[in-house]
Structures are given as structure tokens and as C-alpha cells.
Amino acid sequence: MKLIIGFIVLWPLIGFLFNGLGRNIWNKKVIAYKATGYIVMSFIFSILTFLNVQSKGAITVHYFDFINTAGFKIPFDLKVDALSSLFLLVITGVGSLIHLYSTAYMKDEEAPHYARYFAYLNLFVFSMLLLVLGDNYVIMFIGWEGVGLCSYLLIGYWFTNATYNYAAKKAFIMNRIGDLGFLLAIFWLIVKLGTVSYGSVLTAESLAKLSTTDITAITLLLFVGAMGKSAQIPLYTWLPDAMAGPTPVSALIHAATMVTAGIYMITRSNILFSASELTQHVVAIVGISTALLAATIAIKQNDIKKVLAYSTVSQLGYMFLGLGVGAYSGAVFHVITHAFFKALLFLGAGSVIHAMHHEQDIRKMGGLKSKLPITHITFLIGCIAIAGVPPFSGFFSKDEILAAAFAKNPIYWGLGVIGAAMTAFYMFRLYATTFLGQFRGTDEQAHHLHESPSAMTLPLILLAVASAIAGAIGIPALMGGNHWLSHQLVPIIGETKEVALSHSTEWALMGASVGIAISTLLIAINRYKRQADEVPQTALGKFLYNKWYVDELYNAVIVQPLNRFAGFLKEVIEKNIIDGAVNGTGKIVQYSARKIRLVQNGQVGYYILFIVLGIIVLFLCWFNDITITRFFTNLIK
Amino acid sequence: MNTLEILFYALSAFAIVSAVMVLVSKNPIHSVLWLILVFFAISGHYILLNAQFLAIVNIIVYAGAIMVLFLFVIMLMNVKSDKEPQKKMIIKFIGVFSGGSLLTLLIALVKQTTQLEGKQVLMKEGTIGLIHPLGKALFNDYVLPFEISSVLFLSAMVGAVIIGKK
Amino acid sequence: MLLLSTLCIPFIAAIILLFVKHNEKANYVAIASSGVTMALAFNIAYNGAANFDADWILSINARFVLSVDGLAKILVLLTGISFPAILIATSKNEIKNRNQFLSLMLFTQTGLLGVFLAGDALLFYFFWELALIPVYFLCSIWGGEKRIAITFKFFIYTFLGSLFMLIGIILVYSNTPDHSFLIESFKHASLTNGQQLAAFALFFTAFAIKMPIFPLHTWQPDAYEQSPTAVTMVLSAVMVKMGLYGVIRWLMPLFPAAFASHEKFVVVLSLIGVIYASFIAIRQDDVKRLIAYSSIAHIGLMSAAIFTNTTVGMQGVFIQLFSHGINVLGLWIIADVIEQQTGTRSMNTLGGLAKKQPTLAILLVGFAFANIALPLTNAFVGEFLMFNAIFQFNPWMAAFAGVSVVLAAIYTLNMVQKVAYGNVSDATNLMQAPNKSAQFVLIVLLSIVFVTGVYPQVLFNITSDTLQQLFVK
Amino acid sequence: MNAIIVSTLLGVIMMFVSWGTSSQKLQRNIGLVGMLILIAANVAQLNGWLSVNFDTKGMLAFNPIGLFVNTILFLITFIYLWINGEELDKIGKHTADYYAIFFFILCGVSILTSFNNLLMLFIGIEILSIPLYILTGADKKNLFSNEASLKYFLMGSFSTGILLLGIAFIYGATGSFHLTMPVLNPVNKMPVQHFLMSAGLLLLFVSMNFKVSAAPFHFWTPDVYDGAPTVFTPFMATVVKAAGFVAFIKVFEVQRIAIGYTTWIIILPFVIISTLLVGNITAVFQRSVKRMLAYSSIAQAGFMLFALYGNSIFNNEALILYIVAYSLATIGVFAVLIKMKDYSIESFNGLAKQYPVLAFLTTLFLFSLAGIPLTAGFFAKYYMLNAIFTAGAGIWLLIIAILFAAVSVYYYFKVVQAMYFVDGTPAIHSIEKNYERKLWVIAIILLVLGVFPGLLFNYLYF
Amino acid sequence: MPIQYYIFFCLTLFSIGVVGVLTRRNAIIVFMCIELMLNAVNLLLVAFSKMHNGTALQLMPGSTAGIDAQIFVFFIMVVAAAEVSVGLAIIVMMYRNTHSVDINFLNRLKN
């Protein structure tokens, strides 16, 4: 077992080294096969592990001591339990599909860069696996920063483009801010508990050791980390920009896996979070407000990937809402389903973009329904799934979260439903403008329009199926299902408290949300199936179109002032004050030199006069023996 | 007030006056002559103190040899009295002032010296000033310095040669 | 004996070099000697070495004592590794009178090794200065256009600092029971509180200037910028460690009371320096200055960690002493290759390195991320432990210092972006065939970065024993 | 005793050599041989092999330290003459006479290292000074030389006046010229407060300060060192000054308590600090290396004055080491300087290119003056600081000292920079290998003492 | 005759000498003033010698205490003579070159 688990992590690493070092050696075929093959391998191993966990329960394996010194040690342990094994499947599964997809999508790149791309991708999978498999927060943190690195590298994959690099940098730095919080939380744990292994931290007795302030602080700091990684307010702005990366990357990293790391981390440490009322409220509020904010923005975006990006942010908001209201299983459920349908949507978008020769503006599309049948169908399924229309997967997961939210506080539910409605609206706005109506692009684009190769469509189909049926793993008791997932997660999150709602209310809520969702999506369809919407004129429209001017705000309030501050330090403090003091001393010496030497004026008369005066001074010194010497002796003694 | 005291005061006054004259007289030659008078006065003091040997030597060496040497040199360069420029008044004043303050300091200090209270100087008695004991002392205890001072003269001689030779 | 030979080999080689006029031969001699030194250094680090003890100056009872503890081992190892690396990496550079250059370099190495090995205060001071003087000449002769004034400032600054230390040595020496300079008898010196405070201040001034700690740092960026890069490497990879070494080996054990009473002061000072330097680094356009300021920030963090006076922090520092040396060395070598080939250090005129020389760009990215302490690089281990220590010391300070983590990311990525990415600029276009020897060194260093980053125990094992001794109170 | 007699005899002999032979080379060699004889004679007495002794009636008292200093100073003089021999000939036609004068001066030196009576102090100082007036003025056609010698003479004799007044006061107080222990108050073991005595000692202090050119009595130094023929300056700045210091210490190591300890620890730091200040600060601005060295010699004197701070074996060690380090380095630097066409710093530009060895040697000498490790100068300074600290000086004094040491680095290194880092053609006369070899001797001594300063004292103890 | 009187008198002469040195510009006069100082000291020494001699005689008749001061004076005269010879030689040399003995013109060496 130890080996298998080890190799789940190692395969992608091998792939990374293989492609990274051999980037000038192998031809694209080899690269593609190897890269995908390694991920598939670790997918297979993951399945084995999963089954093993199913049968035998959680496993922790120790490899070596990462840090073992000065009385505290951080072992390099990996742990597979229900939660991580699920994530394993998602990561490696979706991962391998996306690798497959990429082989075709990236085929225009020349070999070395092709290799680089897959190397990054493999490295990402490696770090992600480390993140979910680590048995303590430090290993998690290693993966945590690792994925950040890979997302940086992949967003900036086309490195000659300055804006892409800027986006990459932005992503990394914002993640870093979050990571700082995470790091501080880890230190706090170390100081209080002396260990960071889940096994010893996430237990009742260690919980007892911590005061409420400790718990609140730790959880909040952890949440800051999650904010960064999972693009929550206020650290969400990097994710839309991250769409600069190749589309498969957006699908894998910025939709399916990396961005859900925050959810994984919080679910992992749910004991802590449940113990702090305050934090839960914060999480919930941040989550829901992110969901709404992103949704409103998504309504007015015209870049196909931007829309998806904001919808991702919004969906992540839902997950955090779920976490905030204690519906951990719901959150995880949504993670899984979202992984499927959002990956699907991105890949679909990718296929569209591929067909449109890297045209991303939906206003120049339209009527692709006939040209790209498979893409169209799968995309539609994705949209329905995300819109939360039964019986597609999105419905179940979202509904579970909403139900829990209602139980916690109806306002959450209300907002959630509004968000759901907007989701349905912008998704179908996107769908309609892209696939319905007639084609609005240039003729030669129209001439080249064609369905993508099978390497791209196959993942689409598989993911479509998955996002259609994935709901099955969490059919609520209400519908006669026995929520398999929540039973799965019992060892992690304990028995889900029975949602204290009568069935009738549940049905009512469900109906309401579904009804609203469907009606809005219909509105969206017939509003946009004819024409795309123009550059907005209304104030509100502009406001949304410009993403609430958040980037501008950050720039004005944070970036510029800091920049100016740095400039002030460099130009004024450093140059004039600190260095000035040093040089000033030298100047003083030279000045006094110029003055003192004038005493030596060449006149014997003066010299002798000075001698006489010197004698007088000495005598005076000695006369005032009594007075002066007291002073000096005190000085010397 | 016996004759000794009278002599003492007279000589002192005379010495001081002529010393001052050395400073104030414009013409260098006059200064030399005044200085010679000072030396005479001092020799007079020596005689008062019954140090005849020193008195004679003082007359011979200083008033005789040294001062004549000065005189020669001055005449040799015949520095005109009117030619000699004066220092600025302020400088002079500072000079006088600092000299005066030095004097006051020293005097104040001597006044404070308790050990000197009532110490008398032996006038016109005592034999130590005479040639006989001096000679004894010089060639017994002080023979080494006496010899070594010859080195001084030798070096001075060499020096004079080096400097003086064209 | 081993220690003595470690000291002598570079010294003798330096003297020989003065008479080897031929450039290539000179290179071989220098590299060979530094290679042997490295081998010995490894031997010392992992097998230890017996003390060397001989009479030196009887009249004041100063002895020629060489000894190693874990700390010294780490630094000797660093010195041993960095010198061949530097010499090989810069072996292609255009240097007039190469043999004199190399010989001075090796003299510097002698001085550095001496500082780390000396077990006698006077000897320590002696080598302390000896390490400085060759650097003065190296910088002033082979440096940039403003070299003379800048190097002179650097020299006077550090020289004055070390003179303070000299007074401190006199102060302690005259209070030692057996009037000797041995570190043991220094530890047992009977000092009144006032004296201890004074001595602490005197020693600390010297070390603080050397490290340097804000606000005594202004000599450093200029010196780094103006000196030939090979020397800059020595300065920032090894020489700044002298200050930290001094603090741990001499300041801490000698004046525990004064040390304890000044922890907060120094920690705060250092952390201010960290943030300050990071901010300034953001605004730098010159690659060398940027690295210089980032190095100031890192050093500041280390000194802060030392003064938290915690085992964890100290362990972190031990690791970081080594790691920072390796990382900054890598960065300098890259900067040097770029400057050599493009003739400029201004980041705005660079760009597109990844297209022109992919390998170098990859190495640059690697070291850049090591510089910002990404996990699984060596720096992470050290910084993790050090931040941990600062957090134990005072959470708020840790949070404050943590800002530097973000700032480091900002300026380092700025550099990477401007140098490596974007379209190929005219300057970058001038780059010819990649500098193989430099790349070889870089690859070796990078592998060290990752090996020690993934399995830091290799370094922990060296220092663990010293750590215990340091904290048996 | 040997030294005094032999040096006198040699002096006399040299006076007549110039009649015997007109070949300057021969005269020079006779002089050098004479030096060797002198050294041998002194060493003979130091080791008690052979010494002419008769009752000096307490005028002189010979102790190992004094004789040892004698030896050192003679050796330094020998090296000085050995290196500067040719240059000496260039000043007038009086080689033999110069040697005679040197021997007379050395006679004065050996008196000053062994006097036990203020009369001998007086005579010794005069024997030391009067020939120097002459040497300063030896370059007769050179107005600077003349001016220097006249200034030196006037101020020198003025300070003699002060010295004599001081001696008179002391005599008035004690009734004797011998350096006896001052009368102690039986109660508190402190000397009885005797104002006349103290005043006398103060005046003595002043004139001794004048001789060792300590501020504010230093004014003659820069002008005289600058104006005097370059070949003589190092001798004045080293041997003579060193002798002055030895005499200074001999007087005050016993008598200082008679001034009153508290007074002492006011006036001495006052003098020391002002000396360091004037010397170092003023040297910073000089363009002429010769004049810069003159000021630096004032600064070094300030450092040597520390030896008076306390009286312990450390002080003597420190002073001896300092004398050796400082004298040799100064002689070395001047030996290079004398080869320069003009003495401006610019004339050193690019010396390292043309004469690498010479440049290296000069650097070494300057390092020693600046007190950089590996040279004797470092240990000289170290011993000095250590000595005064043991003598109970406050740290503040040490800090002031090192601050000025740092300043001194500033101006010494200006020359180094000129030689190494500034391009240009040095304004220097051609140097033959032999000359460099001679300088190597100094350099090696400095280096050896810079690593093993103990060698110097082992002679004293073992 | 009390010793103070002699001391005061000698000090006065001495100070006059000092003042002369400070106020006159003619090198020779300056030198003469210095000689004046020396003479003042001589007289002071003799006075002291007689003082000590006086006190000694009261204890033990025929004592020659204080004689050394007079010897000292003798030596001072000797030295003074030597000094004068050299000094005047220097002054003459100076005069040869500059045709002046004005010390205010001795300012080629300065700063």
C-alpha cells in the first residue's frame, strides 16, 4: 500500500521530470503519451487506493522526517481516507481527461513548449495530490504553494505576452497573501499544540487545549488561506485574469481542482471550524457575498472564459456558504459535481475557441449549434447542470447547500436562490449567444468552423455523462436516496446533523429554487437567442460590465500607495537620511580639516602664543582641580 | 630697611626697567645695550647672594661674549631701526595680556605654596657661591655632565661649520 | 591538523598564484586548490576534526587555536562549496591580471575560513580583518566606475566596526580569570553588568555592520553593485555570514545577560530592516541592487531569528546560513552571466531570456523561487523554522515579518518577469552561446537547493549537537 | 655608559674623517661601521659582557629597558642611514659631519634613556635639539629649509626656557635635581600638595610635550618636518621623538603623582585628545604627502602618549613596540617619498603599474602606520589600548582613540588609492633593485612583528 | 630676604621675556628675550640654592647644600653659549638668503 500511495504522487512527478528534462529530446507524440499516461497511471492507483479505503478504512503511511530537530518534528506522511480518496479520484480522473484533451488542444505548440506545458501540468497534479494526501498542515502547505507555483507557470505559459505574465504574477501574489495567513495559522498550531499532524490536531482533546480565541484566530487565518486559493472576496480578482492561461489549464486548475483546495482544507479541519461560531458566520457571509458579486459580474461579461471564470468564483462562493452553514458534505458534494460540469464547460468553451481560432468574444459567435454538435450538446448539459435543473448533478449539490443555509438562516437561502437564478441566467445567456441565433463571426472563421478532434470530444462526452449523473452519489433521503456521500464522509465530518426541516418545506424550497432557475433560464434563452447584447449603456450595466471597478479600486487603494511608499523609502529615506548620515560624517571631517589647518598659519609668533596659552590652560585645569576633576573622575570611574 | 633691601629693590627695579626698555626700544642696538644692563643688574644680585663666581661668569659670558656676538650680528646686517616693522597693536596687546596672565598665574601659585612661608634667602653669607667649593663640586659630582657638555660644544661647532661654510 | 591544512591550502595557493602569469594555468591552480579545500570542508563537516592548538604570542597569552562546532562546520562547508562554484562560474569572464585577482580571492577565502575556525578572540579579530583587506583591493581594482569611493566607504565602515570589536575584546580579555583570549576563558570572564553591556554593544556594532542590520546597511548595496561580481558573490554568499556567525559563536555565549535584555530591541530593528529592504527592492531596476536588498532582507530575518533566542529559530538560522548562501550565489551567477553577455543590469532593458536562453531562464526561475522560499526548496525549511521562532517570540512581529514573504514574491517575480519573460529585447539579443561552465555550476547548486529542500536532515545532522550546547542553560 | 662614550668618540672621529678622505662613499661606510660598533657596544652592556662603568654620582642610572630602547633606536638609525646613505650625500658636502652629528644625537639619545638627574635631562635634550636645528637648516640654499630651522630654533629655545623654569621650581620645592620619589603624606599615602612642585612638573610636562610634538605645543612639527631636507625628516620624526618619549616617561612615571593624580588624568587626556584631533583631522586635507606624514606623526605621537597614562610593564612594552612599528614604517615611507619628484599625492598615481614591488612595500608601510593587522602597527595600537585599559582608562578614551584611528585610515589610504586605483605615470626617479631590497628588510621586520610581536619582548624577559 | 620676593622678581623678568618673544618681530630681539628668560631662571636657581643652603646651615654648619643649583646655572650658561652660536649662525644664514630677520616673513610653510 505504501508503495501504491507513494506512486500516486510519484507518477506525475516522474512525468514532470521526464518532460521537463527531455523537453528538447522527445517528439510531441512521446511527450503527449507519457504525460497523459502517468496521470492515468496514478488515476488507476487512486482507484485501487479508493477501493482499499472503502474496504479497510483510512491509511497513513510514513516515508521520512521532513523536519526533525530541536524537539519538534514534521514527518513526511501521506494519508488516504474517505475525503482525500474522493479528491484523488476527482483530481486524477478529471486530470487525465484534461491531459487527454490538451494533447489535441495544444498541438500547435512546438515540441519544447509542448513538453513544458505537460511538465507544468504534471507538476501541478503532483502538488495537488500532495496537498490532499498530506497528513499534516505543513505537507498540505507544500502542495498548497506548489499548486500556486504551477498555476503561476501555466497562466504565464505564453510568456512573451506581458499581460499574461502580469496575470500570472497577480495570481501568485494574491495566493501568497492567503498563504501567509495559512502559515501563521500553522505557527499558531505549533505554538499551542506542538504538532501539525491531523491525527493529533483534529481531535477533541487537542481542541480542549485551545481557547476559543485560539480557535477563532486559527480558523480565520486558515480561512484567509482559503480565500486566496479559492478566490473569495477580497482575494478573488486573480481568478478571472487567470483565464490568460490555456483553456484546459483553466478547466483543470481554475475550475476543477486547485480552487477547491480551500474547501478541502476547511472540510479537513471542520472540527476546528465547527468550534468557532464567529468564523462560520464569516465564512458563510464571505461565501454568499462572493457568490452574488461574481454572479452579477458574470451577467455582463462577453468573453466566454471570463463568464465561466466568474461563475466559478460564484460557485466557490456557494461551497463556502455550505461550509459556513456546516453542510460540509454538501460543500464537498458541490465540489465534485462542480468539478465535472465546470471542467466540461471550460473544455467545451475551449473546443469553441479552438474552432473559432482563439476568438473568445461571444458576440462574434452564435449559431454554432449546427457546426459543433457534440460540443453544443455537452455544453448544454453543463449549463443545465450548473443551473441546478433536476435531475442533473448541480441540482442536488446546490440544493443540499441551500437547504442547510435555510436551516441556518433563511436570509442565506434567499440570497442563495437569487444567486442561483442569476447563475441560470448568465449561463444560458452564454449558451444562447454562443450556440443559438446565426453566426456573427468573419467569413473565413465561418469557413474554418469544424468540430474538434476526438481527443477533445471524448473528454467532453465523458464529463457530460458525469455531470449528468454525478448527482446520484448524494440523493437526499427526501427523495428516497440514501445520501451515499455524507455516509462516506462520516469519519471526517461526523454524522451530518439531520436538517431540521419538515419534508413539506423542503419540497417547497426545492420547488421554489428550481422554478426560479428554470424561468430565468428561459428568459435568458429567448432574450439572447436572436442577438448578442451590446456594450451596456445604463449605469448599472457599465458598473457590472467593469466588474464593479474592483481592480481599479485595489490599484488605487493598495497597489499605488505601496508603490509610492516604496519609492519614498528608496529615494528619500535611504538616499538622504540613512546614507546621508554616513556621508555627512565624512563631510564634517573634511570640513573641519579645512578649518583646523588654518590655525597652522606659518607665524612663529602665533605658534609661541599658542604655547603660552596652552600653558595657561593647563594651569587653569589644575587650579580647578577640585571642580573639574570631580566631573572627570566621575566620567572615568 | 637695611642696605641689603635697598640694594635688592634698586637692582630689581633697575633690572625690570631695563628689561622693559629692551622690548620697547625701536632700535635693536639699543635693545642689546639695555639687555646688557639687565645682565649687570642680575650679576649685582648674584653678588648680593654672595655667588661671586656666577656673577663674574655672568659678566664674562653673557654681557661679554654673548651680547657682543649679538651686537656684531646686528651691526653686520645693519638693521635700521625705522626699517623694523611693528606687529599689529592687537597682537601686541594679546602678547602682553597672555604674558601678564602667565605671570599672575605663577605668582598666585607661589603665594599659595605653604612650604615657602617664611623661607629666607641667605644674603651675603655662605660659602657655596665661592670658587673653591664650586670647583670641588664641579669636578667631583658634576664631572660627567661637565664632560658631556663638551659633546654639546662639539655638535654646536660642527653645526656652526655646516651652517656657516659657504 | 586537518583544520590547519584547510587554512593553509588556499593561503599557499594564493601565494603561488602571484607567480603564475598565464591565465589558464592560474585558473587551474585556483580551482584545484579550492576543490581540495571543498573536499576537506566536506570531510570536516561530516567527520569533524580535532582542534589545533599552538603558542602564538606568549607575552599576552594569545594562542593559535582552531576549532569547529556545528555552526562553523556549516559555514566552512558553505565556504568550501561556494569558492569553486564562483571560480568556475566566472572562469570565462574577462579579467586583467587574472592571477592577482584569483590570488586575492584565495586570500579572502583563507581569511573567511580563519574567522570560522578561530577559537581565540585575537585570532578571530585577526582573520576578521584579513578577510576584509583583499576584498578592498579586489573591489577597488576590478570594480565598477564608482568603485574607489564606494569601496573605501565600505572599508572604513567595516573597519571602524571591527575596531569597536577590538575594544570589546580588550575589555573582556582584561577581565578573564587567566588573562587569555580563548573563547572558553572569555565565557568565564567576570564582567560587571555595565561592562557586559558595553562589551555587548561593542561586539554587536561590529557584527551589525557586517551583517548588515538596518540602519547600518548602506554600504552594502553600493558595494555589491560596484564590486566585480565574483567578489559580490563572496561578499553576499559567505562574508555577510561572518556577522551572524560572530553573533552566535561569540555574542550569545559571552554576554548572555546583555543578550537577553536586548532581544526585543534587535528583533524589532531587524524586522524593520527586513520590511524596509523588501520595499526598496521592489523599486530597484538594477538586478544587482535588487539582489543586494533582498539579501539584506534575508539577513535581517536571520538576525531576528537569532535574537528570538529559541532553539527552533537557531536551527532555522543554521540551515538558512547555508541555504541563503547557495541561493544568492545562484542568483549572482545568473546576474553575472547576463551582465557579461548583455553588458547591462537594468531590468527594463532586458527581457525574453526564456526565448533566447531557455536553460538559463529555467535556472533563474528555479533560484528565484528558492529566493522566495517556496516549499521543497532549501530556503523554505530555514524560513519556516525562523518565522516559527519569531511567532513564538511575538505573534504580531511574525505577522509583520510575514509581509516580507509577500513583498519578496513581488520583487522576485518582477525580476523574473522583466528578465526572463516578454519579447526578446535588444540587449538580450546580444547574448551568444550559453556559458556552459556557469550553467554547470548553476545546475549543481540548484540540485543542492532541492536536495536540502526536500531532505534537510543532511544539514540538521551537522548542527544538532551544537544546538544542544548552545541552549543548555 | 658604553653607548655614550662610544658615540662621542665616533662623533669625534667622523668630524676628522672628512679631512682624511673626500670620498663620500668611504665616509658613509665608515659611518655605517661606526653604527655597528655602537650597537655592539650597547648590546655588550645590555648583556653585561663588557661595560665601562664608573660612579656617575647618580647622574645616570642604567636599566635594561633603557638599554634595550637604546639598541632599538640605534638599529633603527642604522637602517635609516643604510637606506638613505646616498640621499644624505646630496645635501651639501658634509657627509662626514652629518654622521658626526648623528652620533652626537645618539649620544643625547642614550643620555635621555638613562638620565637620573634633571641636569642630565636638560643637557641630553639640548644635545638632541641643537644638532637638529642644524640638520633642519642643512639645505642652505633652500628657503624652506632655512625658515624651518629658524622656526625650530626659536621655538625650541623658548621651550628650553620653559623647561628650565620648571626645573627651577622643582629644585625650589625639593632642593635636589635627582628624580626622587615625591614626599608622601604618611596618612593617605598621597604626595604632599606642593604647588611649586606641581607647577614645576606642569612646566616640565609642557616642554616635554613640545619635544614630542603634542598639541597644543605641536606647531613647530608640520613646518619643520615639511621644510627640513626630506632625508632628515624621518630621523627627526622617529629616533628623536622616540627618545623624547622615553625621557618623558622616565620623568613622569614617578613624578606624575606629584602633580596630583586627578590633575594628571585631566591634562593628559586633554593633551592626548587634542593631539589626536589636530594630527588626524588636519592630515586629512593635505595634498603634499610629506606634510601629511608630518601631521600623521603628530597623530602617532598622540597614540604614543597613551603610554604615559598608567605605569605598568604593558606601557613600556606598548611604547617599545609602537616605537619600532612607527619608526620603521615612517622611515620606509619616507624612503619611497624621497624618490618622488614632487610630494603631491598625484605623483603617486599609477605607481603600482610601474613599480609593483615598491607600491606593495609602500602599502605595507602605510598599513602599519594605519594599524592594519598583519603589520606591526596593529599590535602596536593593540598593546597601547590594552595598556591604557589596564591602567584604568575609561572606555570612552579607547573609543575616541579608535575613531581617530579610523580617520587616519582615511588619509593613509588616499596614497594607496593613488598608487593602485588611479591611472597615470608616477613622478618618480628611477629605482634600482638594490634599493627595493633594502626596503624589503623593513617590510619583513614589520610583517614578522605583525604576526609575532612577542619576539620583541622575549629579549627583555628571557 | 624672603624667597618670595626673589621668585616674584624672577618671574617678572621671565614674563617680560615671554612678552618680548610674543611682541617683537625681529628674530634677534626675540632670541634676546629668550636669553632674558634664561637669565631670570638662573637668578631664580641661585636664590633657591641660597635658600636651601640657609636652611641646611642651621641644621649643620658648613653644609654645601644648594651648591648644585649654582652648578646648574653654570651649565645653563654653557648651553646658552652653544645655543647662541648655532642660533646666530642660523639667523645669519637666513639673512643671507632673504636679507631680512623679520619672523613675520617666515610663512612660506603653513597650513
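A, B, ... follow the sequence lines: proteins, then strands. Residue 1 opens every chain.
- Neither the backbone nor the side chain of A:Ile577 comes within less than 4.5 Å of any heavy atom in chain C.
- Residue C:Ile362 touches chain A through its side chain alone, counting heavy-atom pairs closer than 4.5 Å.
- Using modelled atom types, one side-chain atom of C:Trp219 and one backbone atom of C:Ile209 make a donor-acceptor pair closer than 3.5 Å.
- A:Arg23 touches chain C through its side chain: at least one heavy atom from C-beta onward sits under 4.5 Å away, while N, CA, C and O do not.
- Side-chain contact between A:Leu149 and C:Phe369 is present, with at least one heavy-atom pair separated by less than 4.5 Å.
- Neither the backbone nor the side chain of A:Asp179 has a heavy atom closer than 4.5 Å to any heavy atom of chain C.
- Contacts of A:Trp158 with chain C are absent, with no heavy-atom separation under 4.5 Å from either backbone or side chain.
- Ranked by heavy-atom pairs shorter than 4.5 Å toward chain A, the options C:Gln392, C:Met314, C:Lys153 are led by C:Lys153.
- The contact between A:Phe66 and chain C is made by backbone and side chain atoms together, counting heavy-atom distances below 4.5 Å.
- By the 30° and 60° cut-offs, the orientation of the rings of A:Phe172 relative to A:Tyr152 is perpendicular.
- Heavy atoms closer than 4.5 Å to chain A are found in the side chain of C:Val416, but not in its backbone.
- Only the side chain of A:Leu153 comes within contact range of chain C, judged by heavy atoms closer than 4.5 Å.
- Both the backbone and the side chain of A:Ile177 come within contact range of chain C, each with at least one heavy atom under 4.5 Å from a heavy atom of that chain.
- For C:Leu216, no part sits under 4.5 Å from any heavy atom of chain A, backbone or side chain.
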TODO: Mind running salt bridge (Lys or Arg N to Asp or Glu O under 4.0 Å) on A:Lys575 and A:Glu571 for me, showing each step along the way?
DONE: CA-CA 6 Å; A:Lys575 258 204 191 61; A:Glu571 298 303 333; 3.3 Å; yes
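- Only the side chain of A:Phe565 comes within less than 4.5 Å of a heavy atom of chain C; its backbone N, CA, C and O stay farther away.
- For a residue to count as touching a neighbouring chain, one of its non-hydrogen atoms must lie under 4.5 Å from one of that chain's; by this rule C:Asn461 does not touch chain A.
- For A:Leu180, the part lying near chain C is the side chain, with the backbone staying farther off; criterion is any non-hydrogen pair under 4.5 Å.
- A salt bridge is defined here as a Lys NZ or Arg NE, NH1 or NH2 lying under 4.0 Å from an Asp or Glu carboxylate O, and C:Arg289 with C:Asp222 meets this definition.
- Between the side chain of A:Tyr63 and the backbone N or O of A:Gly6 there is at least one donor-acceptor pair closer than 3.5 Å.
- Residue contact with chain C, scored on non-hydrogen atoms closer than 4.5 Å, involves the side chain of A:Ile190 exclusively.
- Note: A:Asp579 leads A:Asp65, A:Val138, A:Asp579 in heavy-atom pairs under 4.5 Å with chain C.
- Heavy atoms of C:Phe214 lying under 4.5 Å from chain A belong exclusively to its side chain.
- Looking only at side-chain heavy atoms (C-beta outward), C:Leu290 and C:Met347 come within less than 4.5 Å of each other.
- Only the side chain of C:Tyr293 comes within less than 4.5 Å of a heavy atom of chain A; its backbone N, CA, C and O stay farther away.
- Heavy atoms closer than 4.5 Å to chain A are found in both the backbone and the side chain of C:Pro215.
- Within the 4.5 Å cutoff, the side chain of A:Phe18 has no heavy atoms near those of the A:Ile31 side chain.
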